[in-house]
2 protein chains.
Amino acid sequence: MTITAAGVGSTTREAIAASARELFEERGFAATSVRAIAAGAGVDAALVMRHFGSKEQLFVEVVGASRGAGPELDGPLETLGRRLVEHVLDPERDRERRAYAAMVRASDHDGVRESLRQAARASFIDGLCALLPGPDASARAELIAAQIGGLMQAWPTVGVELLDTVGRQRVVELYGAAIQALVDSPTG
Amino acid sequence: MTITAAGVGSTTREAIAASARELFEERGFAATSVRAIAAGAGVDAALVMRHFGSKEQLFVEVVGASRGAGPELDGPLETLGRRLVEHVLDPERDRERRAYAAMVRASDHDGVRESLRQAARASFIDGLCALLPGPDASARAELIAAQIGGLMQAWPTVGVELLDTVGRQRVVELYGAAIQALVDSPTG
DNA sequence: GGGTGAGTGTCAACGGCGTTGACTGCGTCG
DNA sequence: CGACGCAGTCAACGCCGTTGACACTCACCC
């Protein structure tokens, strides 16, 4: 069949992808079996392999959506730190945050780790690097990415606690200032 | 044999632990099989289970060594950020960094994730929290831990590149300042 | 209209995995 | 001596990801 006209592919392929996305984000990579994904889509496990090649490739394809550099980079440099944190902690971005956490946790597998690194580069580091002033912009962009990654990874565990004790706004303020320290490049 | 004389436990138990530590840190959790660990120690896989309960428990026990709060917290508050980064990037601490990375990657498994969280709390966050001034010291300690975690996670991938381009000292300077921003608690 | 070949799907099986339970030695204690 | 517990092995279980053979449909072409 493969309707290439309007861009939609086969329906069952999408069903598999949807089932996989749901299970992966809910239970993680290791705890999700190909057979469970197939059952969720109402097909045989072998069909999953035929469509996506391997469990790892399926994971990378449905969870590691390479959303391009968002609008969070636009705006004055002086408030970039705050904006980045605000973007990362945006409640509506919960799904993306859990997807990122799922990828980090699954990065025990080489393919996932590599894909994670590439996605971070393409969707964030490169854009950020172009924005930063100074000669070591690239290094600072990497370090900012490390900060953001640390926050995204920690949030599912400590986020609710922090929201209770100090509130989102204070977290944005604090962590935003910490990131801003790298944006502003201390002359040391 | 079971030499109980000098307080040392059974030799084979240690052999299993040593084999496991080596394989886990070299290949990661997922790529290391219980059978391979057992073969490395010259015993049967079932014995590994009898001694350590499960692969996950074995991993937590040998990789997640709960090294207590180190001396990196001692010293003046004004240079705490730099000292933390220096400690984390210490070339001699390579083994610990890889162990941490291995744990993060294996945190797809609930027990590992929980143990990781507890280890971070016990060996770092609590001690740090006691040091920080200000009312929201606990929250800042958590956020600093997130920064440190981000750096440790990113280092195996981007570390060598950063060493080449800007050098360790500049990284310590930059990331140290970013952490210091949370130590010093902007009044916002 | 009947072959042909590609796409879609199922089924049974493979080897490897973590884990378990039954079993064998063996040193120790009563 | 007999009971007991510990170290260790062995064979098996059920699940896993993955594969190859097979069936069906349907467009296409002579």
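All chains are named by letter (A, B, ...) in the order of the sequence lines, taking the proteins before the strands, and each is independently numbered beginning at 1. Values below: all heavy atoms of this structure, side chains included; hydrogens, waters and symmetry mates excluded.
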Worksheet item: Taking the six-membered ring for Trp, are A/Phe59 and A/Phe29 parallel (under 30°), tilted (30 to 60°) or perpendicular (over 60°)?
Response: perpendicular
Fill in: Nucleic acid footprint by protein, nucleotides 13-22 of chain D - heavy-atom cut-off 4.0 Å, B for base, S for sugar-phosphate alone
---BBBBBB-
Item to complete: Whole angstrom is fine here: how far is it from CG in B/Leu23 over to P in C/dG18?
Response: 12 Å
Item to complete: Specify the separation, in whole Å, of atom NE2 of B/His51 and atom C1' of D/dA7.
Response: 7 Å
Worksheet item: How close or far is atom P of C/dG21 from atom CG of B/Leu47, stated in whole angstroms?
Response: 16 Å
Item to complete: Could you pull out all residues at least two apart from B/Arg168 that satisfy salt bridge (charged side-chain N to carboxylate O under 4.0 Å, His left out)?
Response: none
Discussion item. Do A/Arg93 and A/Tyr100 form a cation-pi contact, if we require the NZ or CZ to be under 6.0 Å from the six-membered ring centre and within 45 degrees of the ring's axis?
Written reply: no
Item to complete: Just grab all the ring-ring contact (aromatic ring centres under 6.0 Å, His included) pairs involving residues 136-179 of chain A, residues at least two apart or on different chains.
Response: none
Discussion item. Rounded to whole Å, please give me the gap between CZ in B/Phe52 and C1' in D/dC6.
Written reply: 16 Å
Worksheet item: Are any non-hydrogen side-chain atoms of A/Asp90 and A/Glu86 less than 4.5 angstrom apart?
Response: no
Worksheet item: Taking the side chain as C-beta and beyond, is there a heavy-atom pair between B/Leu163 and B/Val171 under 4.5 Å?
Response: no
Worksheet item: B/Thr12 side chain N/O closer than 4.0 Å to the phosphate oxygens (OP1, OP2) of D/dA7?
Response: no
Discussion item. Measure NE2/B/His109 against C1'/C/dC17 and give the value in whole Å, please.
Written reply: 12 Å
